[in-house]
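Below is one structure, written out as structure tokens, with a few remarks after it.
Sequential numbering from 1 along the given sequence is applied to the chain's residues.
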Amino acid sequence: MKLSREEQAARRASFGQMGLVDKIDYIYTYFKLPIFVVLAAVALVGYTAYRRITDKDAVLYATYANVSIGEDLDGRLDGEFVSYLDKDPRKEEVYVYRGVYLSEDPSTENHQYQYASKLKIMAAIDGKQLDVVLMNREAYDIFSRNGYLLELPELLSQDSGLYRSLEPHLITNTVVLEDNAIEYALNETHRYQETTEDAVNGLEVTQFPMFQQAGFPEPVYVGVVANSPRLPTVLEYLSYISGTQ
């Protein structure tokens, strides 16, 4: 209902005589909805502007599985690689899925964490948003057995010089082609059976200067996800981390 001029003047006079607490209470009581709408609009505009300023495009997607990467090496695998590509690290990045831990050991603690890591990796692979995996032997075996990794000779054949340089570091692992894991888990059979083949799908990188400086206590491997849509950049990455430039 619209107030008359006299009523509006009376309210202004009454408001002017209120103490600070009463004024705040009055404003909140009668104007909280428009205030909330304005604040929400300001927050949305601010958030949108912040995202536009800070968001980066991914030149590559990677994960560190079961390995702890120090700040120095992390910077070299991200910002310095972006600079190596002659791109701007302020606008582009290597997007890394962090905190990934994989294990097939049922006695290992933190089952929920393992399961969450598995779901994260599967979603990233299905969405073609995972290209390179840096991992320990346990994680390498899991990625290989599930058929997630590309055979590296096929990829490296595109660059004969890089292939010759990396060939001594290539690793063979097992890929499961088919098995009866579901039936075995449901107790429909008492014997687990599988059909496997060997694949050259890993690169042992521990002896590369970049990784030697990090002082890993055990071998570290790099694998390339089989359905990666960014294979030219992956080749650049392998050349960069191996020092083959």
Q | Donor + acceptor pair across side chains of N173, D198 (<3.5 Å) | A | no

Q. Looking at CD of E236 and CG of L231, how far apart are the two atoms once the value is rounded to the nearest 0.5 Å?
A. 12.5 Å

Q. Salt bridge check: are D74 and R98 linked by an N-O gap of less than 4.0 Å?
A. yes

(Q) I'd like to check K87 versus E92 (side-chain heavy atoms, cut-off strictly below 4.5 Å). Are they in contact? (A) yes

Q.
I want to check something: taking the side chain as every heavy atom from C-beta on, are P219 and V205 in contact at a cut-off of under 4.5 Å?
A. no

Q.
Using every non-hydrogen atom in the two residues, find where P89 and G79 come nearest and quote the distance to one decimal.
A. CG-O, 3.7 Å

Q.
Working to the nearest 0.5 angstrom, can you tell me the gap between D88 CG and D86 CG?
A. 11.0 Å

(Q) To the closest 0.5 Å, what do you measure between CD (E151) and CG (L156)? (A) 11.5 Å

Q.
What I'd like to find out is whether the side chain of M210 reaches to under 4.5 Å of the side chain of L77, using heavy atoms alone.
A. yes

**Q.** Pairwise side-chain contact, N201 with V175, heavy-atom cut-off 4.5 Å (strictly under)
**A.** yes

Q.
Could you check whether any side-chain heavy atom of V222 comes within less than 4.5 Å of a side-chain heavy atom of L238, counting everything from C-beta outward?
A. yes

Q. Using a distance-only test with no angle check, is there a side-chain donor-acceptor pair under 3.5 angstrom linking Q212 and T206?
A. no

Q: Taking all heavy atoms of S239 and all of L162, pick out the closest pair and write down the distance.
A: CA-CD1, 3.8 Å

Q) What heavy-atom pair brings Q213 and R76 nearest, and what distance separates the two atoms? A) OE1-NH1, 3.3 Å

(Q) Checking one residue: Y221. Which other hydrophobic residues are in its cluster under the side-chain 4.5 Å linking rule? (A) Y61, Y95, Y97, V100, L102, I121, M122, I125, L130, V133, M135, Y140, I142, F143, Y148, L149, I171, V225

Q: Nearest 0.5 Å please: distance from the CG atom of L134 over to the CD1 atom of I241.
A: 7.5 Å

Q) So with a 6.0 Å cut-off around CD of E71, is the heavy-atom count from everything else above 12? A) no

Q) Between atom OG of S117 and atom OH of Y115, what is the distance when rounded to the nearest 0.5 Å? A) 12.0 Å

Q. Which heavy atom in K128 sits nearest to a heavy atom in R230, and how many Å separate them?
A. O-NH2, 2.6 Å

Q: Tell me, with the steps shown, if L166 and L152 meet side chain to side chain contact (heavy atoms under 4.5 Å, CB included).
A: CA-CA 10 Å; L166 297 184; L152 293 179; over 6 Å; no

Q) Below 4.5 Å, heavy atoms only, C-beta onward: do T63 and V132 meet side chain to side chain? A) no

Q.
Test side chain to side chain contact (heavy atoms under 4.5 Å, CB included) on T196 and L177; report intermediate values, then the result.
A. CA-CA 5 Å; T196 66; L177 301 178; 5.8 Å; no

Q. What pair of heavy atoms forms the shortest contact from V94 to V82, and how long is it?
A. N-CG2, 4.1 Å

Q: Mind listing the closest non-hydrogen atom pair of S165 and P168 along with its distance?
A: O-CD, 3.5 Å

Q | Partner of Y237 by side chain to side chain contact (heavy atoms under 4.5 Å, CB included), out of L60, V224, L85 | A | L60

Q. If you round to the nearest 0.5 Å, how far is OG1 of T195 from CD of E178?
A. 4.0 Å

**Q.** Geometric class of the Y240/Y84 ring pair [parallel <30°, tilted 30-60°, perpendicular >60°]
**A.** tilted

**Q.** Residue pair N136 / V220, side-chain heavy-atom distance below 4.5 Å
**A.** no

Q. Step by step, would you call E194 with R145 a salt bridge (charged side-chain N to carboxylate O under 4.0 Å, His left out)?
A. CA-CA 11 Å; E194 63 182 17; R145 286 181 61 82; 2.7 Å; yes

Q. Is the shortest heavy-atom distance from the side chain of Y113 to the side chain of K118 under 4.5 Å?
A. no

